Amino acid sequence: MQNQGNCYKNVWILSGTSDGPVIANRLLELNYSVFASVLTYKAGQAYIENPKLHIITGKLNNKDQIINFINKNKITCVIDATHPFAAIISKNLNNACKEINTPLLLFERKSLINKTNNFFYIDHLKDINNVDIENKNILLAIGSRFLNDTANYYMNCKANVFTRVLPTYESITKAFGSCVKNTNIAILEPSKNNKNILEKKLCDFWEIDYVLCRESGSYSQKNWESIVSGSRMKLFLVKRPKVNNDYSYSFDQHHNLINHIIKKY
């Protein structure tokens, strides 16, 4: 049931994951006005059309931009549902909200790892150094931002480097502009059907030995865990960066976050 008392309360969601639209839809049902910040036009298309929903596309560069946006749009509370590796924006959000005393709610995906003898945590992208990597086939599922640098490192270690990137203009451009051979690049959305994971067929076709991905808690991470578990392959997970969020409340379940907003704001 909608709460008419919420109709003038503005909530700002910053999201780089699939959690953003889920949270936004629930808040819209409760009659909140929602501002949703995304990096790309494609990310904005995941949100439903609603007169109380405002999509903002583009990058926020610093703390002052965040403060100006909050003040201009009379934001009641801010939800940080950005990607777990988007440490800079999370730090800026924390500092901005703390400075102007605006409530900040942090949504963090759970990352439940079923520990097996072929799953390994590493601190950085270039930390696969305790195994024999020469002439091994390594699949980089790390996004496109650090792809060229990481691929170049492992190629210098004499590994055979492959990659899977998302079907976005930026990812495709960076992948084909990298040092990875064109024939070793796959453009693929993360599979959401556990019974037919395309990534497994990719690993079989390329005869992958090692998979490198980030601990994001996403469909992609879950797919790699499922594929590698019980196989001869090894999965290397880059740990989430630690961000000093000393001002925010933290949640890992949508309903707990929504209930907190209903009670407090």
Side-chain angles (χ1 to χ4, degrees), residues 1-3 5-7 9-60 66 69-70 73 75-87 89-90 93-94 97 102-113 143 166-168 188-195 197 213-226 240 243 245 248-265:
M1 188 173 80
Q2 290 189 337
N3 183 352
N6 297 329
C7 62
K9 294 183 178 178
N10 298 338
V11 178
W12 185 19
I13 302 173
L14 295 94
S15 177
T17 68
S18 58
D19 298 294
V22 176
I23 297 167
N25 290 350
R26 184 62 184 130
L27 290 172
L28 291 167
E29 290 172 358
L30 293 166
N31 213 30
Y32 286 89
S33 292
V34 177
F35 294 77
S37 282
V38 295
L39 283 177
T40 65
Y41 173 76
K42 181 180 179 181
Q45 290 182 308
Y47 291 78
I48 62 171
E49 289 189 15
N50 188 295
K52 299 183 76 63
L53 174 66
H54 313 277
I55 303 291
I56 303 96
T57 304
K59 185 178 180 181
L60 290 160
I66 294 169
F69 186 92
I70 291 171
N73 295 287
I75 300 298
T76 302
C77 68
V78 178
I79 300 173
D80 179 2
T82 56
H83 193 279
F85 282 78
I89 182 62
S90 290
L93 282 171
N94 182 82
C97 290
T102 297
L104 175 62
L105 310 177
L106 178 63
F107 184 83
E108 296 183 291
R109 288 171 165 177
K110 277 187 175 181
S111 180
L112 300 176
I113 305 295
L166 297 177
T168 65
L188 185 67
E189 284 277 9
S191 301
K192 297 183 180 180
N193 183 351
N194 293 331
K195 295 181 180 179
I197 301 178
C213 77
R214 300 182 296 178
E215 186 200 359
S216 63
S218 64
Y219 285 112
S220 181
Q221 179 189 328
K222 293 172 185 176
N223 286 342
W224 297 124
E225 290 176 20
S226 175
R240 295 179 179 184
V243 179
N245 290 311
S248 61
Y249 289 97
S250 182
F251 303 87
D252 59 23
Q253 297 290 330
H254 297 144
H255 66 273
N256 290 336
L257 170 64
I258 298 299
N259 287 340
H260 178 86
I261 293 173
I262 293 171
K263 291 178 182 178
K264 296 288 186 178
Y265 317 114

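All residue numbers in this chain count up from 1 along the given sequence. Every value quoted in this text rests on a predicted model; they were computed, and no experiment measured them.
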For this session: State, to 0.1 Å, how close Ser37 and Trp12 come at their nearest heavy-atom pair, and which atoms those are.
Result: OG-NE1, 2.8 Å
Exercise. By side-chain contact (heavy atoms from CB on, under 4.5 Å), which residues pair with Leu166, not counting sequence neighbours?
Worked result: Arg164, Thr168, Ser171, Glu189, Pro190
Exercise. Nearest 0.5 Å, what's the CD1-OG1 distance between Ile70 and Thr76?
Worked result: 11.0 Å
Seminar exercise, completed: Interatomic distance, CG@Leu257 vs CD1@Ile79, rounded to 0.5 Å, equals 4.5 Å
Seminar exercise, completed: Closest heavy-atom pair, Tyr32 versus Val11, reported as atoms and distance to 0.1 Å, is CD2-CG2, 3.8 Å
Problem set entry | side-chain hydrogen bond (donor to acceptor under 3.5 Å, both in side chains) partners of Ser90, counting only residues at least two apart | Asp80, Thr82
Exercise. Between Asn73 (side chain) and Ile75 (backbone), is there a donor-acceptor pair under 3.5 Å?
Worked result: no
For this session: Rounded to the nearest 0.5 Å, what's the gap from CZ on Phe107 to CG on Leu14? Could you check?
Result: 14.5 Å
Problem set entry | Contacts of type side-chain contact (heavy atoms from CB on, under 4.5 Å), residue Leu39, not counting sequence neighbours | Lys59
For this session: Output all residues satisfying ring pair (Phe, Tyr, Trp, His ring centres under 6.0 Å) with Tyr249, sequence neighbours left out; order by chain, then residue number.
Result: His260
Problem set entry | Non-hydrogen atoms of Arg214 and His83 that approach each other most closely | NH2-CE1, 3.8 Å
Exercise. Do Ile66 and Ile89 have side-chain heavy atoms sitting under 4.5 Å apart?
Worked result: yes
Exercise. What residues form a side-chain hydrogen bond (donor to acceptor under 3.5 Å, both in side chains) with Ser250, not counting sequence neighbours?
Worked result: Glu108
Problem set entry | Nearest atoms (heavy-atom pairs only) where Val38 meets Gly44 | CG2-N, 3.8 Å
For this session: Just jot down the side-chain hydrogen bond (donor to acceptor under 3.5 Å, both in side chains) partners of Asn94, sequence neighbours excluded, or say none.
Result: Asp246
Problem set entry | With sequence neighbours excluded, residues passing side-chain contact (heavy atoms from CB on, under 4.5 Å) with Ala46 | Pro21
Exercise. Can you tell me how far CG of Asn50 sits from CG of Leu28, rounded to the nearest 0.5 angstrom?
Worked result: 4.5 Å
Seminar exercise, completed: For Asn256, the side-chain contact (heavy atoms from CB on, under 4.5 Å) test, sequence neighbours excluded, returns Phe251, Gln253
Exercise. About how many Å separate OG1 of Thr57 and CD of Gln45, when rounded to the nearest 0.5 Å?
Worked result: 9.5 Å
Seminar exercise, completed: dist Leu27:CG -> Ile258:CD1 (nearest 0.5 Å) comes out at 4.0 Å
For this session: May I have the step-by-step check of side-chain contact (heavy atoms from CB on, under 4.5 Å) for Phe69 and Ile56, ending in yes or no?
Result: CA-CA 11 Å; Phe69 186 92; Ile56 303 96; 3.7 Å; yes
For this session: Check side-chain hydrogen bond (donor to acceptor under 3.5 Å, both in side chains) between His254 and all other residues, then give those that pass, not counting sequence neighbours.
Result: Asp19
